[in-house]
Amino acid sequence: MTKETERFPARAFQRALLDWFARERRDLPWRKDRDPYKVWVSEVMLQQTRVETVIPYFEQFIEQFPTLEALADAEEDEVLKAWEGLGYYSRVRNLHAAVKEVKERYGGKVPDDPDEFSKLKGVGPYTVGAVLSLAYGVPEPAVDGNVMRVLSRLFLVTDDIAKTSTRKRFEQMIREIMAYEHPGAFNEALIELGALVCTPRRPSCLLCPVQTYCRAFAEGVAEELPVKTKKTAVKQVPLAVAVLADEEGRVLIRKRDSSGLLANLWEFPSCETADADGKKTLEQTVGEQYGLQAELTEAIASLEHAFSHLVWKLTVFPGRLISSQSVKEPLRLVSEDELEAHAFPVSQQRVWREYKKWAGQMRRPD
Ligand code: SF4
């Protein structure tokens, strides 16, 4: 038993939390049934992404891949396209690899054993706890950012939540206070409390169902918790991006490498350059890297796109592809309709929208 939970009235706390959850739980599409595959998809989508954003993606994804087998049998391009815009694409690549393994090794049934499930690609401690407790009622803790915030406040924990040792400590605390007869509802209720009431800023302590048990509230320090070390400064990367069309109006796109950031997604050719005149460097890059001749016009837009560890500062140059004979993989020349069928990350969708806006203005009669 940890010292925080020693004299904690766990039963009364569970009752207050679960009663509140039964009354206030949001009606979300992945809560309609507890199919392990659907719970898994929703949990992967919800990592780093807001509930409101996830809802339409989840519904569309499940319509397209209604079963684990359907997802396992799908082509990677199709799966990436369904994920387009959600970001953090390694999540879906891992999910895809993992469901293939479940199909082959476990006959399509998501394993309910924490050790077996945690060996699958991309399945970390949080996913194990969330999926197994919600779908199978396995009493495993599901400690995400919401839960760490709630527990930091409830038990006045001042350890840095960015550390793995702190997460492990919270997992141990959950094992000590969990409602073992309802592990799924207990985990989900804590997450929901963090999302709706015990929010990062201005928690609604006066409406909180577990206020009586909260040490941070008693001490008046709720807003000072949790403690989290600041991230190091993010790197800024200036990129010049070319949207090149040939005489038939087909556009040049490129498939990214099969590993690393945004692996296997499509983009417009680009180069990293801090030059004021990125245009010249970009024309040279297209020539040297792909053996193609391009003629670019002046820049039409500047965009910023932030990842967790870096920021792309994109400058968009439209232009003409002079000769398209030597276009080969990883490049493709596609019509506008074909382009829409490829999976692009959000930054590149924004580039495409700027290009279309510009092209529309160019075509407009005076
Ligand atoms: Fe969070 Fe306030 Fe409730 Fe404590 S009382 S758990 S700080 S909302």
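We count ligands from 1, going down the list as the structure has it; atoms in each ligand are counted the same way.
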Between Arg254 and Tyr290, is any side-chain donor less than 3.5 angstrom from a side-chain acceptor?
yes
Count of protein N, O or S atoms below 2.8 Å from atom 1 (Fe) of ligand 1 equals 1
Do the side-chain N and O atoms of Gln47 and Thr127 include a donor-acceptor pair separated by under 3.5 angstrom?
yes
Distance flag, aromatic centroids of Phe268 and Phe344, threshold under 6.0 Å:
yes
List the steps, then state whether ring pair (Phe, Tyr, Trp, His ring centres under 6.0 Å) holds for Tyr37 with Trp40.
CA-CA 5 Å; Tyr37 162 67; Trp40 189 4; 7.7 Å; no
Are Glu181 and Arg11 within salt-bridge range, i.e. N to O under 4.0 Å?
yes
Centroid-centroid under 6.0 Å between Phe307 and Tyr88 rings
no
